[in-house]
Amino acid sequence: MGRSELSAMHDAGWQIEINCPQCGGAGVWDLLEDLQRCGFCDSLLWWPKRDGTRDFLVVTNQLTDPEILTDTLATSEAMARQRQFLPQESGRREDAPVDLFSGFAPGPALHEIKNRIRPGIRIRQFHTVYAPYDLCSLVLGFLALGRTPRTARKIFQPLFFTHDEITPAYHPPWDFRDRGLKLSRQVMKPLGPELLARYSFLEPKPLRRDDAALLENWRGRRDLLRGELDPLHHTAVLVKARDWTVYRPYVYVLAEIEAAPRWILLDGQFGTVAAYPDSAEVTRVQKGKWHGLAPEFVGRQRLRILPSRCPECGGEVPAAGRTEYLVCRRCLRLLRPSSAGLERIRYGVVADALLPAPDEQRIGRSAVYLPFWRCEGRLGHEGRFFHDFAALLAAAQTGVAAPTGTTPSPVAWWVPAFDCWYYRGYAEWAFAFGRWLSGIDPSPVFDNLSLAGYVPERDHVCVPDVHPDLVRTLFPAILPGFGTDQELRRLNPMLLRRGLGQGTVVDRLELVFVPAPLSNGGAAGEKVIGPEGRVAWRPLQTGQWPPGLRRTTRRFDRSRR
């Protein structure tokens, strides 16, 4: 599989090329992905990533031999000489509005200059050094109160974005002249012992991620929300963060260009000139006196092969997307990888259809089973507990406690657990579904071996994607999202700044599948029916979201000091 084919597999974010330990076949993983099936031998692969740890990745070096180095230097020198022919209306040649690669630059063509220079270049020495960078892959949440652009209706909405934060992690006095550098989205590879033994890898700084500082950069970014709603108030929360150390190659080259020897620092990722190092920097490279990456760090890759069949019935267990949950296609057991293999996860099912099914003669009675986290807890605020959100809101507005009794009644919230949180349209629809379920709080049936009413020939199962720790992290910040339209109209920024519902406690989480009917959308395909409208089913089923649906911030992944 070529690099272009690998890159085409994923079109967003950073990717890692990993070889299957069973057959050696190459596959591309997203940074936030834990599970994947090998496309060659069908092995089920698991790469757990634990908080507080980091794995080591390396960017491919494009400058690996004297022939490539000679060609790179000839190209750079030819471009520098061609600038001599640029017009000087602006007073500075580098400011002249002429594109060297357009073919319209005055004077000799670039390839002509390069062909004259190349025979006069001699590579005397070259030393490759890999510099470390801290890469933090983030999922950010914006919990916003605002008005919809079309209807001006006040709503509370969780909006989610992804972002990559990358900064240099090498120690002084090293300086690779990377200020303002934007790293290419080249597919990376895990750092292995062979590469570590062959080249110099600088020791990275200790991992010290400042979550408060990361969030501070985003709290005032109202412009990110205006495409969704006119914000009245919003707060930023860190939903998920994973840390990596990425090594980028730099090549120190002693080259003779037309008999004039000179040390040049080349960027091995882009194949460009980075700087002209001084004698002290060159001496440090030649002597090799620095702290390198310890070999024991490289052996930390935890890629494992899991049983590819259900341990209970032997049925096929497909892996999809960024979820760590799997559903057996034969017995419908819910499974999750662990150090002991695949373990069974308990879940419940709402047995009775809650929504009217489509017209059987015209459409059929297909259904999709959507997973929700049923959260049971106590609704609290300023040391008091309440029976429902309306009572809490009234007490917060007036400052007078509503009678609650000595023991507060448990409150249930139904939070979507399927892959919808980061996608425009689907998140709003799914959380509206959760609000409706929270209002009626249906009774699930647990410990069935299969989903009640499920017919394999016509029905579908949506695999859970949202980890319970995420739900606990976001409560009580997402609490206003479960209010009715009337209660949301009474919300204001002052109440949210005071920490509405900060005393709320989630005591229990249960995974429950809820059947939702499918309707035939004609040429547009099937749609899932919810209590407040319907959405296209295929993206939920396949995870293949149309371009632009995933909310992704502009990736400010420039190296900064």
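Note that the structure is predicted; figures quoted are calculated from it, not measured.
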Give the minimum heavy-atom separation between [X] and [Y], together with the two atoms involved.
X    : Y    : value
P416 : V466 : O-CG2, 3.8 Å
R384 : A395 : NH1-CB, 4.4 Å
A417 : L511 : CB-CD1, 4.1 Å
S438 : F482 : OG-CD2, 3.6 Å
V28  : Q36  : O-NE2, 3.0 Å
C328 : G315 : SG-CA, 3.9 Å

Can you list everything that forms a side chain to side chain contact (heavy atoms under 4.5 Å, CB included) with [X]? Sequence neighbours excluded, please.
X    : result
A516 : V368, L370, F433, V528
A432 : R435, E532
Q541 : H460, W537, R538
V237 : L143, V239, L474

So, using side-chain hydrogen bond (donor to acceptor under 3.5 Å, both in side chains) as the criterion, who are the partners of R490 when residues are at least two apart?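 Testing R490 for side-chain hydrogen bond (donor to acceptor under 3.5 Å, both in side chains), a comparison that skips the adjacent residues, returns Q397.
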
Is there side-chain contact between [X] and [Y], with at least one heavy-atom pair below 4.5 Å?
X    : Y    : result
L496 : P480 : yes
L45  : P21  : yes
V327 : L335 : no
F431 : P158 : yes
W414 : P442 : yes
D55  : I16  : no
L215 : L140 : yes
F513 : P464 : yes

Which pairs, with at least one residue in residues 499-509 and sequence neighbours excluded, count as a salt bridge (charged side-chain N to carboxylate O under 4.0 Å, His left out)?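 Every salt bridge (charged side-chain N to carboxylate O under 4.0 Å, His left out) pair that includes a residue of residues 499-509, provided the two are not neighbours, is R378-D507, R508-E510.
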
Kindly determine whether L518 and K527 satisfy side chain to side chain contact (heavy atoms under 4.5 Å, CB included), including the steps that lead there. CA-CA 6 Å; L518 286 173; K527 292 183 177 293; over 6 Å; no

Among residues at least two apart in sequence or on other chains, which ones pass ring pair (Phe, Tyr, Trp, His ring centres under 6.0 Å) with W244?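 Counting only residues at least two positions away or on another chain, W244 forms a ring pair (Phe, Tyr, Trp, His ring centres under 6.0 Å) with W47.
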
Qualifying residues under ring pair (Phe, Tyr, Trp, His ring centres under 6.0 Å), relative to F475, sequence neighbours excluded: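 For F475 the ring pair (Phe, Tyr, Trp, His ring centres under 6.0 Å) partners, ignoring immediate neighbours, are W413.
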
Between the main-chain N or O of [Y] and the side-chain N or O of [X], is there a donor-acceptor pair closer than 3.5 Å?
X    : Y    : value
K154 : R489 : yes
S366 : R458 : yes
R346 : F446 : no
Q22  : D42  : no
Y347 : L334 : no
T504 : G501 : yes
R222 : P231 : yes

All salt bridge (charged side-chain N to carboxylate O under 4.0 Å, His left out) counterparts of [X], not counting sequence neighbours:
X    : value
D230 : none
D485 : R153
D134 : R54
D441 : R374

To the closest 0.5 Å, what do you measure between [atom1] ([X]) and [atom2] ([Y])?
X    : Y    : atom1 : atom2 : value
L379 : L479 : CG    : CG    : 5.5 Å
M188 : E17  : CE    : CD    : 11.5 Å
L35  : E324 : CG    : CD    : 7.5 Å
H233 : L225 : NE2   : CG    : 11.0 Å
L332 : E312 : CG    : CD    : 13.0 Å
C375 : R472 : SG    : CZ    : 8.0 Å

Apply the test side chain to side chain contact (heavy atoms under 4.5 Å, CB included) to residues W46 and L342: give CA-CA distance (whole Å), side-chain angles for both, the deciding distance (0.1 Å), then the verdict. CA-CA 11 Å; W46 180 40; L342 295 177; over 6 Å; no

Kindly indicate, with the supporting measurements, whether the criterion side chain to side chain contact (heavy atoms under 4.5 Å, CB included) is fulfilled by L354 and L437. CA-CA 9 Å; L354 302 176; L437 289 170; 3.6 Å; yes

Among F142, Y426, W421, the one residue meeting ring pair (Phe, Tyr, Trp, His ring centres under 6.0 Å) with F160: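 Per the ring pair (Phe, Tyr, Trp, His ring centres under 6.0 Å) rule, the option paired with F160 is W421, out of F142, Y426, W421.
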
Show, in sequence, the C-alpha distance, side-chain angles and deciding distance for T473 and L238, and conclude whether the side chain to side chain contact (heavy atoms under 4.5 Å, CB included) test is met. CA-CA 9 Å; T473 300; L238 183 61; over 6 Å; no

